[in-house]
Visitor: 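Got a structure for you, questions after.
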Amino acid sequence: QVQLVESGGGLVQAGGSLRLSCAASGRTSSSYFMGWFRQAPGKEREFVAVISWSTGRTYYTDSVKGRFTISKDNAKKTVYLQMNSLKPEDTAVYYCAASAPSYTLYTLPTRHNDYGYWGQGTQVTVSV
């Protein structure tokens, strides 16, 4: 099992920045990738970004490219999501996720079902 705890959400004005953190514990060696997803009211949960623990390879959804940066600290078993130039449409609950132990593909996982462990979520609200 892997436990994930997010922090860093809050209320920010459009154009501002926030940094989310996700601390992992437990059998983290069973998950090769860490991802961030978000879910806005009335919408499905969507992929935001992913990073490989071992190589640091990253991938982003188009709507956040150039504004968001995912990073990691292996020693702290923590993944970060730096969010700059925030827009009202970024408002959502942000979830950290660890890939399922069965996911061993080279391709970075972007689907909800590729992940086996989820955090409780942290609210990000961007005001106009």
Side-chain angles (χ1 to χ4, degrees):
Q1 292 291 325
V2 176
Q3 293 78 43
L4 304 172
V5 179
E6 303 105 331
S7 62
L11 173 64
V12 64
Q13 288 187 330
S17 299
L18 282 175
R19 189 177 82 156
L20 306 182
S21 299
C22 174
S25 61
R27 296 188 62 183
T28 57
S29 60
S30 65
S31 294
Y32 296 105
F33 307 97
M34 294 292 292
W36 286 97
F37 286 72
R38 65 186 180 185
Q39 188 167 19
K43 295 187 177 181
E44 292 187 353
R45 193 171 298 187
E46 65 170 350
F47 167 79
V48 175
V50 60
I51 190 167
S52 166
W53 275 121
S54 59
T55 67
R57 281 191 303 139
T58 60
Y59 181 75
Y60 301 88
T61 192
D62 285 346
S63 62
V64 307
K65 285 180 181 177
R67 300 189 298 123
F68 290 12
T69 302
I70 188 171
S71 62
K72 63 184 177 68
D73 185 327
N74 288 58
K76 295 182 179 179
K77 295 184 179 180
T78 299
V79 174
Y80 305 96
L81 186 67
Q82 177 67 43
M83 305 184 294
N84 298 328
S85 302
L86 282 161
K87 304 175 181 180
E89 51 264 43
D90 294 318
T91 295
V93 177
Y94 283 71
Y95 296 91
C96 172
S99 61
S102 58
Y103 191 94
T104 58
L105 300 177
Y106 179 78
T107 306
L108 294 171
T110 61
R111 300 177 307 167
H112 184 278
N113 289 343
D114 295 334
Y115 292 82
Y117 309 98
W118 295 85
Q120 81 287 354
T122 185
Q123 177 71 45
V124 171
T125 302
V126 184
S127 63
V128 297

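FYI, the numbering just counts along the sequence from 1.
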Visitor: How long is the gap from OH on Y106 to CG on L108, to the nearest 0.5 Å?
Guide: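 If I round to the nearest 0.5 Å, the distance is 8.0 Å.
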Visitor: In the structure I gave you, are the side-chain heavy atoms of L4 and M34 within less than 4.5 Å of one another anywhere?
Guide: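 A side-chain contact under 4.5 Å exists here.
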Visitor: Is the CD atom of Q120 crowded by more than 12 outside heavy atoms at less than 6.0 Å?
Guide: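 Atom CD in Q120 is packed in, count exceeds 12.
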Visitor: Any side-chain heavy atom of L20 sitting closer than 4.5 Å to one from M83?
Guide: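 Yes - at least one pair of side-chain heavy atoms lies under 4.5 Å apart.
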Visitor: Could you check whether atom OH of Y32 has more than 12 heavy atoms from other residues, nucleotides or ligands sitting under 6.0 Å from it?
Guide: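 It does not: Y32 OH has 12 such atoms or fewer within range.
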Visitor: Measure across L11 and S127 and return the closest heavy-atom pair with its distance rounded to 0.1 Å.
Guide: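 Minimum heavy-atom contact is CD1-CB, 4.3 Å.
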Visitor: Among Y59, Y103, Y115, find the one that has a ring pair (Phe, Tyr, Trp, His ring centres under 6.0 Å) with F33.
Guide: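 Among Y59, Y103, Y115, the one that satisfies the ring pair (Phe, Tyr, Trp, His ring centres under 6.0 Å) with F33 is Y103.
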Visitor: Is the side chain of K77 donor-acceptor paired with the backbone N or O of S25 at a distance under 3.5 Å, no angle test?
Guide: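 Not a single qualifying donor-acceptor pair exists.
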Visitor: For K65, does the NZ atom sit with more than 12 other heavy atoms under 6.0 Å from it, leaving out its own atoms?
Guide: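 For K65, atom NZ is crowded (more than 12 foreign heavy atoms under 6.0 Å).
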Visitor: Mind listing the closest non-hydrogen atom pair of V79 and I70 along with its distance?
Guide: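 Result for this residue pair: CG1-CG1, 3.8 Å.
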Visitor: Determine the minimum heavy-atom distance between S21 and W36, stating which atoms define it.
Guide: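 Minimum heavy-atom separation between S21 and W36: O-CH2, 3.7 Å.
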Visitor: Can you list the steps and then say if T91 with Q123 is a side-chain contact (heavy atoms from CB on, under 4.5 Å)?
Guide: CA-CA 8 Å; T91 295; Q123 177 71 45; 4.0 Å; yes
Visitor: Counting only heavy atoms not in R27, do more than 12 fall under 6.0 Å of its CZ?
Guide: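 Atom CZ in R27 is not packed in, count stays at 12 or less.
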Visitor: For residues D114 and V50, determine if any side-chain heavy atom of one lies less than 4.5 Å from a side-chain heavy atom of the other.
Guide: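 Contact flag for D114/V50 side chains = no.
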Visitor: Give a yes/no verdict on a cation-pi contact between R45 and F37, requiring under 6.0 Å between NZ or CZ and the six-membered ring centre and an angle within 45° of the axis.
Guide: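 No cation-pi geometry.
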Visitor: Considering non-hydrogen atoms only, spot the tightest contact between R38 and A92 and give its length.
Guide: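 Answer, listing the atom of R38 first, then A92: CB-CB, 3.8 Å.
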Visitor: State, with a plain yes or no, whether a side-chain heavy atom of S17 is found less than 4.5 Å away from one of Q82.
Guide: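 Sidechains of Q82 and S17: in contact.
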Visitor: Of all heavy-atom pairs between L81 and Y94, which one has the smallest distance, and what is that distance?
Guide: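 Shortest heavy-atom contact: CD2-CD2, 4.2 Å.
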Visitor: Answer yes when K87 and D90 have at least one side-chain N-carboxylate O distance shorter than 4.0 Å, and no when they do not.
Guide: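 Here K87 does not pair with D90 in a salt bridge, since their nearest N and O are not under 4.0 Å apart.
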Visitor: Indicate if L105 and F47 have the same hydrophobic cluster label, given that clusters are the connected sets of ILVMFWY residues with side-chain heavy-atom separations under 4.5 angstrom.
Guide: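 Yes; F47 is reachable from L105 via cluster members.
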Visitor: If you round to the nearest 0.5 Å, how far is CZ of F68 from OG of S85?
Guide: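 Nearest 0.5 Å value for the OG-CZ distance: 9.0 Å.
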Visitor: Is the backbone N or O of S99 less than 3.5 Å from a side-chain atom of S31, with the two atoms forming a donor-acceptor pair by type?
Guide: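 Yes; at least one donor-acceptor contact below 3.5 Å.
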Visitor: So, do Y95 and H112 sit near enough that their side-chain heavy atoms are less than 4.5 Å apart?
Guide: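 Side-chain contact under 4.5 Å: no.
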Visitor: Grab the two heavy atoms, one from G8 and one from L18, that are nearest each other, plus how far apart they are.
Guide: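 Closest pair (atom of G8, atom of L18, distance): O-CD2, 3.9 Å.
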Visitor: Would you give the length of the straight line joining atom SG of C22 to atom NZ of K72, rounded to the nearest 0.5 angstrom?
Guide: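 C22 SG to K72 NZ: 14.0 Å, rounded to 0.5 Å.
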Visitor: Should we count CD of E44 as having more than 12 external heavy atoms under 6.0 Å?
Guide: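 No.
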Visitor: Using a 6.0 Å distance limit plus a 45 degree cone around the ring axis, check whether R67 lies over the aromatic ring of Y60.
Guide: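 Because its charged atom misses either the 6.0 Å distance or the 45° angle limit, R67 does not stack over Y60.
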